[in-house]
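Dropping a structure here in structure tokens format, bear with me for questions.
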Amino acid sequence: MEKLPIAVLISGRGSNMVALHKAIQKREAHAEIKCVVSSSENALGLVYAREQGIPTTWIEKEILHSADLFAKALLEMFSKYRIQLVVLAGFLRKIPDRVVAAYSNKIINIHPALLPAFGGKGMYGRRVHSAVLEYGCKVSGATVHLVSSDYDTGPPILQECVPVFEYDTPETLAARILPIEHKLLPKAVELFAGNKIEIIDRFVRIKQ
Ligand code: GRF
């Protein structure tokens, strides 16, 4: 199987990027991380990517704040590396519409809850888990979904549940969900690499 050229976009710790890279090394996902793009110069994940010899770049604030410039920077990067799948792994910026249109159904995101609940603008990290606990949910989980022009609204590709317990804190719940994220993201990339994804209206069908 040919290796799918992918770009990974991060904003912080990058544990999903690391999990994906390790899965690729174990040949569980037939892909190659051609570049890691960060929305912050100080994202911890950049350290790992550099150590692994993966080309990295970070996007300056002025560029991030202009949809036009941001789109141009991303499209140039993706074209340079002939990217076929864009993986948002804890990337906190909205992808400009122009990029979503150019890479229609070729951008995926990992979210630490069961969408469409507990998603949307500003719903990331600890806030998601706090909201799940405040609501009194009995289950939460992780979602890998296609990226559309709004936050967390694209069709789900993979979802998996975990139980929520009475004694949970945002931290214990996050710790239960993170390993699920680390499993689902490489699995989704492998589905794209194997051309197993078919989109029927909003339903993502996984071909056998
Ligand atoms: C993850 O929980 C992911 O679901 C969300 O942001 C977090 C990023 O964590 N989108 P990491 O940077 O991959 O460790």
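Numbering of residues begins at 1 and proceeds along the displayed sequence. Whatever order the structure lists ligands and atoms in, that order sets their numbers, starting from 1.
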Who are the residue neighbours of ligand 1 when the rule is a heavy atom under 4.0 Å from any of its atoms? Arg13, Gly14, Ser15, Asn16, Gly90, Ile110, His111, Pro112, Glu181
For Phe165 versus Asp168, what's the shortest heavy-atom pair and its separation? N-OD2, 2.7 Å
Under 3.5 Å, is there a donor-acceptor pair linking the side chains of His30 and Glu190?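 Their side chains do contain a donor-acceptor pair, which is all the 3.5 Å distance test asks for.
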If you measure only the distance, is there a donor-acceptor pair under 3.5 Å linking the side chains of His182 and Ser15?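 There is such a pair (donor and acceptor under 3.5 Å, judged by atom type) between the side chains of His182 and Ser15.
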Between Lys80 and Glu76, is there a salt bridge with N-O shorter than 4.0 Å? no
Carefully, step by step, assess Leu74 and Phe70 under the rule side chain to side chain contact (heavy atoms under 4.5 Å, CB included). CA-CA 6 Å; Leu74 289 178; Phe70 185 23; 3.6 Å; yes
Taking only residues two or more places apart in sequence, or in another chain, which ones meet Pro5 in a side chain to side chain contact (heavy atoms under 4.5 Å, CB included)? Lys34, Gln84
